[in-house]
Structure formats: C-alpha cells, structure tokens
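Heads up: the structure comes next, in structure tokens.
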Amino acid sequence: MGESDAFEAAARPASARSLSAQAMAARPMPYLDGLNPEQRAAVEALEGPVLMLAGAGTGKTRALTARIAHLLLTGTARPNEILAVTFTNKAAREMKMRVASLMGQPVEGMPWLGTFHAICVKLLRRHAELAGLKSNFTILDTDDQVRLMKQLILAAEIDEKRWPARQLAGIIDGWKNRALTPDKLPAAEAGAFNHRGPELYAQYQTRLRELNAVDFGDLLLHMVTIFQAHPDLLAQYQRWFRYILVDEYQDTNVAQYLWLRLLAQEHSNICVVGDDDQSIYGWRGAEVGNILRFEKDFPGAKVVRLEQNYRSTVHILEAANGVIAHNRERLGKSLRSVGEEGARVRLIGHWDGEEEARWVGEEIEAMGRGTRGMDPVSPDGIAILVRASHQMRAFEDRFLTIGLPYRVIGGPRFYERLEIRDAMAYFRLVVSPDDDLAFERVVNTPKRGLGDKAQQVIQRMARSNGVSLVEGARLAVETGAIGGKGARELRGFVDGLARWRGLMLGGLRAVGPEADDDLLIEEGAVQDRLSHIELAEMILDESGYTAMWQNDKTPEAPGRLENLKELVKALEGFENLQGFLEHVSLIMDNESDDQEEKVTLMTLHAAKGLEFPAVFLPGWEDGLFPSQRAMDESGIKGLEEERRLAYVGITRAEEVCTISFASNRRVYGQWQSQMASRFVDELPAEHVEVLTPSGLHGHQNMSSSASPVAGMMQGSALHEAAARADVYNSPGWRRLQQNQARPGLRQPSEARNMTIDAEAISVFALGDRVFHQKFGYGAVIGIEGDKMEVAFDKAGEKKVVASYLVSADAADDVPF
DNA sequence: CGATCGAAGCTTTTT
DNA sequence: GCTTCGATCG
C-alpha cells in the first residue's frame with residue numbers, strides 16, 4: 001500500500017523538492033527549539049553521511065526524530081522516501097510517535113520506519129522468488145529452527161549428545177550474522193561442528209526453502225544476497241530510499257551493515273546514531289567495528305558528538321565515566337552533566353544474596369517514604385538491574401514476602417510460551433495446510449496416540465508422494481497404513497483442519513448469492529460469517545487442546561488457559577488469522593499495560609535506553625558480573641563488553657544509583673564465596689559513598705548506627721576507610737594476602753572487603769575445626785587460595801571464604 | 001505409547 | 001538447586 005506512490009515520488013525531479021525546501025525554510029521550525037548546538041548540527045546536516053556519537057542520556061532520540069521532522073517539513077523528503085531503522089519494535093513505535101508529536105500531526109506514511117527485520121520481511125515478500133521462496137513464506141523462530149536442525153543431525157547420523165542442535169543453531173546464526181551463505185563459508189569455518197557444520201548448513205538452507213520458510217537471520221541475509229545479485233533492483237531501492245537513518249548503529253551485525261551500505265553507497269545520505277560505549281550485543285553478532293569504521297566507509301562523514309547528558313547527576317555520570325575509561329577500544333567521549341552534583345553512587349556489600357535482596361527491599365520502602373531529605377521515590381521510578389535473569393529470583397521472593405509490588409521485564413515472552421506456540425501451530429495449519437513444522441508440533445498434542453512410529457509412516461507417505469504432512473496423514477489413514485485408534489484420531493484431526501479451513505474461507509467470503517451446496521461453506525453461512533475470533537476458539541476447543549489443559553492438574557495449567565484466553569483476545573486487533581500470524585512472527589513484545597505502581601526488575605540488557613530516578617545494581621561480583629563465561633569465551637573483548645554493561649547500568653540512574661555485592665551466593669545450588677567485582681575497584685572513589693551493611697558484619701564499627709539508614713548518613717567512605725585501616729595491618733590479613741597471591745588476582749580494595757570481620761580473620765589448616773555463621777561447625781577438608789572447602793556437621797560440604805570462618809574454639813568469643 | 005527415573009545443562013536476547 | 005531432555009521400563 002502506498003508503495004506505488006513512493007516510486008512516483010522517487011521519480012519526481014529533484015528540483016521540485018529543493019524548491020519546496022526553500023519555501024519551507026522560511027517557516028518556523030519549532031522542533032529545533034531547545035536543541036543544543038551539537039544536536040542541531042546533527043539535525044540540520046541533511047546531505048551526506050553523518051555519524052552521531054550519542055552518549056547515554058544525551059537526547060539522541062530527540063535529535064533523530066527532529067531530523068526526520070526536518071527532512072519532512074523542509075520538503076527535502078517525503079515520508080516514504082525515508083528509511084529509518086531501529087532494532088526493536090518499541091524503538092520504532094516511539095520514534096513514530098515522537099515524529100508525529102514534533103510535526104504536530106500524525107505521520108501518514110513512513111512505511112519504511114521499522115526494525116531491520118520488519119523492513120526486510122516487507123522487501124523479501126515482494127522479491128521472494130529471487131530467493132527461491134514464495135511470498136507467503138513462514139518465519140521460523142528459534143524453537144522451530146532447532147527442531148529442524150535436530151532432524152538434520154539425526155539424518156546425518158551424528159551423535160546429538162555430543163553435538164547438540166542448539167550449538168549448530170548458534171554456529172549457523174553466527175554465519176548468517178556475518179552474511180556468510182553456505183557457498184561463501186571461508187575455509188577457516190570448515191572445522192565447525194565436527195567438520196559437519198558447512199554441510200549441515202547447506203542442508204538446512206535447502207530444507208528451509210522446501211518448507212517455504214526463513215529464519216530471522218535469513219531475512220537480512222536473503223535481502224543482501226538479492227541486492228548483490230540484482231544491481232538493477234538495488235538501484236531502484238537506492239533511488240527510492242533517499243534518506244537513511246539508523247538507530248543504535250553500534251549493535252548492527254555484518255549482514256545489517258552490508259545491507260545498509262548497499263542501499264546507501266550511491267547517495268551516502270545516511271545518518272547513523274550510536275554509542276560505542278553501549279555496545280552490549282557482541283555475543284549475538286553485533287560488530288562495534290561498524291561504528292568505529294564509519295568514517296572510513298563513508299568518506300567525508302560529518303561526525304557529531306553528543307556529550308551533554310541531561311539525565312544523571314554529576315556523581316553518577318562521573319562514576320560511569322570512571323568505569324568505562326578502563327576500556328581500551330573506544331572512540332573516546334566523555335559525558336558532561338548539566339545537572340546537579342547530586343548524591344554519590346552508593347556502594348554496599350552484603351553477607352549473601354538473600355540479605356542483599358532484603359536490604360534492597362528495605363531501601364525501596366525507605367525511599368518510598370522519602371529519606372535523607374530526599375523526595376519520596378515512587379516504586380515506578382525504581383529499577384533493579386541484574387546481569388542474569390536468575391538473579392531476579394531472590395528479589396522476587398523477597399518482594400513477595402514483604403508485599404512490594406514489582407514487575408519483571410523480559411523473561412519468557414508471551415508468544416514463546418508452550419501453549420501459545422501450540423495454539424499458533426494450529427492456526428498456522430489452518431491458514432497454510434502445508435506448514436509441516438506446525439503439523440509436527442501439534443499432531444500429537446493433545447495426545448492422539450500417534451507416536452514415533454505413526455509419525456514416521458506419515459513422513460514416508462508424504463515424502464514418497466511429494467505432498468505435505470497433512471496430506472500424507474490423510475493418505476496414511478485412507479490406505480490403512482495407520483490403523484486402530486491412532487487412525488481414528490488422526491482422521492479426526494485431519495478432518496478438523498479441513499473443516500476449520502473451510503470455515504475460515506467461507507467466513508471470509510462475502511455473503512454471496514451463489515453459496516454452493518458444499519456442506520462446509522453452508523455451515524459457515526449458517527453462522528453468518530463466523531469471525532476469526534470465534535473460529536480460533538472453535539479450533540482450540542474442537543481439537544481438544546483446551547480440554548487438554550483443563551484436565552491437567554499441574555499448578556501451571558490455569559495460567560496456561562488464561563494465556564490462551566489472552567491470545568484469543570489479541571486476535572481482536574486483526575482482520576483475520578493470516579494477518580495475526582504475520583504480525584506475531586515479528587512482533588514478540590509483551591507490554592503489560594497495568595497501571596499499578598511497581599518496582600521494575602530486569603536485566604541490564606533490557607534496560608538499555610531506559611532511565612529511572614533510582615537504580616539498584618546488585619550482584620557486582622567477579623564471575624557473575626563480569627560474567628565468567630563472557631571472559632572465558634571472549635577474553636578481553638568479553639570483559640570490555642561487560643564493562644560497557646556496567647556503564648549502561650550506572651547511566652540508567654537519574655538521581656540515586658546503588659551498587660551492591662554479596663560475599664556468598666548460591667550458584668547452581670552450591671554455596672560459593674564471592675569476590676566483589678573488579679568494576680567496583682574501578683569506580684572513582686571520590687564519587688562513591690560506601691554504606692555500612694546492615695547485617696551482622698562490621699558491627700564493631702557501627703555501634704552508633706543501628707539502622708542502615710543511620711549508617712549511611714554517618715559513614716562516609718573516608719570514615720569507613722579510617723575505621724578499617726587497622727584491619728589491613730593485622731597478621732591474619734597479611735597471611736590471607738599471601739594465600740591468595742595468585743596471578744590475576746588483584747589487591748582487594750577497601751570496598752571489596754568491607755564485610756570482613758577483623759577479629760575473625762585467621763588461617764586454617766586441613767582438618768581444623770571451624771565455625772561458620774550460617775553453616776555452623778565443621779572441619780576443613782580443602783584449601784584453595786582464600787577459599788576453604790569445609791565439611792559442615794549439619795550443612796554438608798561447602799566452599800567458603802576463609803575470612804568467614806573462625807576456629808571452632810574461638811567461636812564463643814565472636815558475638816553474633 | 002506413556003510414565004518414571006537419572007543425567008546434564010545451566011548468560012545476556014531481538015526479531 | 002532446578003529444569004529439561006532422553007532413555008528405559010511397564
């Protein structure tokens with residue numbers, strides 16, 4: 001729709017446009033008001049390549065949207081001549097809204113403002129045949145992908161145990177991110193997946209084509225391949241997309257980069273916005289190099305740096321600057337605050353993860369009341385940002401017990417849930433009966449007595465006749481290849497599909513006079529054009545799917561039924577099932593629209609682009625954050641990405657930023673003692689306030705401060721440091737230092753060890769009887785640096801840090 | 001074919 | 001520790 005207009009627009013002589021541009025220039029441009037000089041420069045440099053380096057909170061969305069408004073209002077471009085790409089639907093939506101509000105009118109058109117994927121789907125549907133597909137191809141999600149690969153691995157007689165499909169999926173995804181088609185794989189990749197990777201990749205692509213399906217990576221990859229193979233077509237789009245804007249450029253992968261470069265290379269009217277310091281998606285193929293290289297790719301690029309931060313106070317910003325300064329690979333930029341000095345970043349250590357959660361809960365309640373002369377902060381303005389989602393659990397548990405309302409962002413998405421995917425598979429089968437993957441998914445869900453054997457029969461039947469699985473199933477029943485109970489059930493299933501499809505087609509058909517005497521159509525007519533919502537309900541009921549969950553007495557069954565209801569409700573926004581399926585394959589967000597004021601719990605990744613008056617950053621412990629795995633797998637690069645994550649976390653905070661760590665944490669069920677994160681040491685001391693933990697530790701220093709709040713008011717970092725100075729001179733401390741003087745371990749800083757009880761420090765030998773606050777009495781059975789393996793009498797074998805142990809006979813002296 | 005038991009695994013996540 | 005997957009048994 002509107003696409004032919006776009007072609008006409010592109011064909012119009014340029015002079016007409018520049019004329020109107022001059023005419024418009026005289027008009028007031030309110031969207032420019034209040035922009036700082038840098039932002040303004042980025043907005044007004046319409047021609048040629050522009051690189052906008054926009055730090056956190058520097059108003060880049062504002063600049064980007066103003067630029068679009070400027071393009072439109074000066075008449076430089078029409079809405080359909082602008083290609084504006086984002087990564088998430090949310091960002092796309094926001095951009096659309098903000099452009100509209102800047103222009104003071106709804107933006108009609110802007111058909112090419114969207115995510116990379118949404119735009120590529122649109123393009124690929126028009127040119128599907130150039131990729132060997134039909135334009136109604138289905139888009140597989142990760143689950144389908146893996147199942148498909150599992151089949152291929154099985155067929156290739158590879159031990160799926162040693163070479164799991166997930167891993168292959170990861171490898172192939174990586175290749176697609178780098179725009180490597182099977183025929184372009186470099187020799188270096190030959191060894192992947194036990195030397196079978198390349199061959200399986202080729203098979204996988206063939207299979208996808210047979211299924212008339214693509215995965216997410218294909219959307220970009222196919223378009224790049226098509227553009228490369230068809231210069232004429234590319235040229236058409238180059239003329240069409242006269243102005244290109246890209247958000248979050250630091251997150252682009254090679255395929256996206258190539259796609260953009262192909263489209264932009266003729267006119268070079270490309271404006272990219274990004275922040276190399278916020279590149280946190282390297283693990284899924286993002287290439288920071290793209291942004292670092294932009295000036296080389298597009299010679300003469302105008303580089304604009306947005307460094308004026310409007311979000312955070314001085315202390316918060318300086319803390320973030322201090323941490324990120326430890327990264328080597330940077331374009332270099334540092335944020336200036338225009339705000340107040342504000343409060344320092346608060347740092348606190350805790351005994352364990354539960355105590356950390358408890359403390360955060362109390363702090364949030366205190367903030368709600370308003371402490372330290374600060375205005376009360378509503379739960380809505382508070383976020384807890386964790387490195388990994390499993391960390392959320394401790395907080396959820398705690399918030400549940402104290403009745404603090406919270407919302408979790410991220411986690412399993414609505415459309416990724418089992419029951420939703422099953423239901424969708426039914427819909428898919430009705431809409432496109434040759435969707436074999438959907439068939440496989442639900443043929444025996446609910447149980448129809450169709451096990452492996454029956455399914456193999458269907459597969460064989462379908463393959464030997466060159467038909468879809470649905471058709472194969474029908475044949476299998478008719479020829480008696482499947483008999484007994486299974487056959488009856490299968491017939492019911494296949495007939496059901498046909499009937500629903502008939503109803504769908506009948507329901508869509510206008511009430512024609514010549515409604516033929518086909519029974520199915522007539523049924524539809526009796527119902528007077530069954531709505532797609534009723535149809536969906538009917539499918540779920542008659543297939544027995546709803547009943548399956550109703551009869552399920554596991555605790556999650558009611559929730560699943562609830563979700564199914566929600567799914568049906570979501571259909572209301574669409575004309576028909578097809579439209580819905582198309583939408584869902586790309587839009588996977590799960591915005592809950594509840595109004596209640598809640599604390600937000602989410603991962604650091606999910607927090608990018610957001611801001612909150614108060615932010616808690618728990619779990620700053622080496623191994624957790626920075627994540628051990630990131631460092632093991634990607635070394636220094638991984639570490640730097642983790643550090644950027646820290647930077648993203650700190651810069652989410654507007655007024656209060658609280659970082660915390662715990663000395664003990666359960667990791668995969670095992671208690672582990674933790675070291676404070678190295679990022680803690682990188683925080684510039686002058687912008688940090690060290691809080692006294694509320695628990696059992698450090699009590700000898702805080703006899704005067706019974707509550708954590710009182711403690712934080714009195715205890716400046718300096719004060720604490722002074723109070724602790726003696727600790728580091730004790731013989732026990734020195735011996736501890738020697739024990740842990742392994743390469744790679746840095747000197748612990750004051751903050752890292754603030755929970756250490758001076759009196760308790762001592763060094764033990766194998767077999768010593770010891771006492772631990774949490775686990776009680778036990779015997780030392782292993783020593784690993786500063787970590788002791790102890791067989792506790794009651795709690796079993798644990799690894800703990802030596803400083804939390806006291807000799808068993810001294811235990812009575814330690815006041816707990 | 002379905003239920004039950006044991007082993008292995010286990011970031012981050014959008015589309 | 002908890003979940004998920006596969007193998008094995010009835």
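Chain letters run A, B, ... following the sequence lines, proteins first and then strands; every chain starts at 1.
Nucleic acid contact for A:Q167: none, since no nucleic acid atom lies under 4.0 Å from a heavy atom of the residue. Base engagement by A:Y668 is indicated by at least one non-hydrogen atom pair under 4.0 Å involving a base atom. Backbone-only engagement by A:L450 is indicated by non-hydrogen atom pairs under 4.0 Å involving sugar-phosphate atoms exclusively. Residue A:T88 is classed as a sugar-phosphate contact, given heavy-atom separations below 4.0 Å to backbone atoms only. Residue contacts shown for A:E248 are absent, as no nucleic acid heavy atom lies under 4.0 Å away.
Between A:H127 and A:Y237, the ring center distance clears the sub-6.0 Å criterion. Between A:W283 and A:Y281, the ring centre distance stays below 6.0 Å.
In the interface, the side chain of A:R387 is paired with the base of B:dT12 through a donor and an acceptor atom under 3.5 Å apart.
Distance from the side chain of A:R629 is smallest for B:dC10 among the nucleotides B:dT14, B:dC10, B:dG2. Closest approach to the A:A630 side chain among B:dT15, B:dT11, B:dT13 is made by B:dT11 (side chain taken as heavy atoms from C-beta onward). Of the candidate nucleotides B:dT15, C:dC2, B:dT11, B:dT15 has the atom nearest to the side chain of A:F216. You'll find that the side chain of A:T142 is closest to B:dT15, out of B:dT15, B:dT11, B:dT12.
OP1 or OP2 of B:dT11 has not a single side-chain nitrogen or oxygen of A:S389 nearer than 4.0 Å. For A:N89 and B:dT15, the shortest distance from a side-chain N or O to OP1 or OP2 is below 4.0 Å. In terms of phosphate contacts, A:K150 brings a side-chain nitrogen or oxygen within less than 4.0 Å of OP1 or OP2 of C:dG6. One finds a side-chain N or O of A:T603 lying less than 4.0 angstrom from the OP1 or OP2 phosphate oxygen of B:dT13.
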Report task. Give the intermediate values and the outcome of side chain to side chain donor-acceptor pair (under 3.5 Å) for residues A:R643 and A:Y647. Result -> CA-CA 6 Å; A:R643 192 176 279 117; A:Y647 174 79; over 6 Å; no
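In B:dT11 the O4'-C1'-N dihedral to the base is within 90° of 0, which defines a syn nucleotide.
Distance, A:H117 NE2 to B:dT14 P: 11 Å, rounded to whole Å. We find that CG of A:N664 is positioned 17 Å from C1' of C:dG1, with the value rounded to whole Å. Between the P atom of B:dT13 and the CG atom of A:D215 lies a distance of 20 Å, rounded to the nearest Å. With rounding to whole Å, A:M392 atom CE is found 19 Å from B:dC10 atom P. Atom CG of A:L219 and atom P of B:dT15 are 13 Å apart (whole Å). Between the P atom of C:dC2 and the CH2 atom of A:W671 lies a distance of 13 Å, rounded to the nearest Å. For A:Q256 and B:dT13, the CD to C1' distance is 13 Å, given to the nearest whole Å. Rounded to whole angstrom, the span from the CD1 atom of A:I280 across to the P atom of B:dT14 amounts to 11 Å.
When each of A:M602 and A:R448 is assigned the nucleotide of DNA chain B bearing its nearest heavy atom, the one mapping closer to the 5' terminus is A:R448. If A:E633 and A:K447 are placed on DNA chain B by their nearest nucleotide, the residue sitting closer to the 5' end is A:K447.
For A:R491, there are no side-chain hydrogen bond (donor to acceptor under 3.5 Å, both in side chains) partners at least two apart in sequence or on another chain.
By the 4.0 Å N-to-carboxylate-O rule, A:K60 lies too far from A:D275 to be salt-bridged with it.
Relative orientation of the A:F241 and A:W112 rings is perpendicular, given thresholds of 30° and 60° on the angle between their planes.
A distance of about 22 Å separates the P atoms of C:dC2 and B:dT13, rounded to the whole Å.
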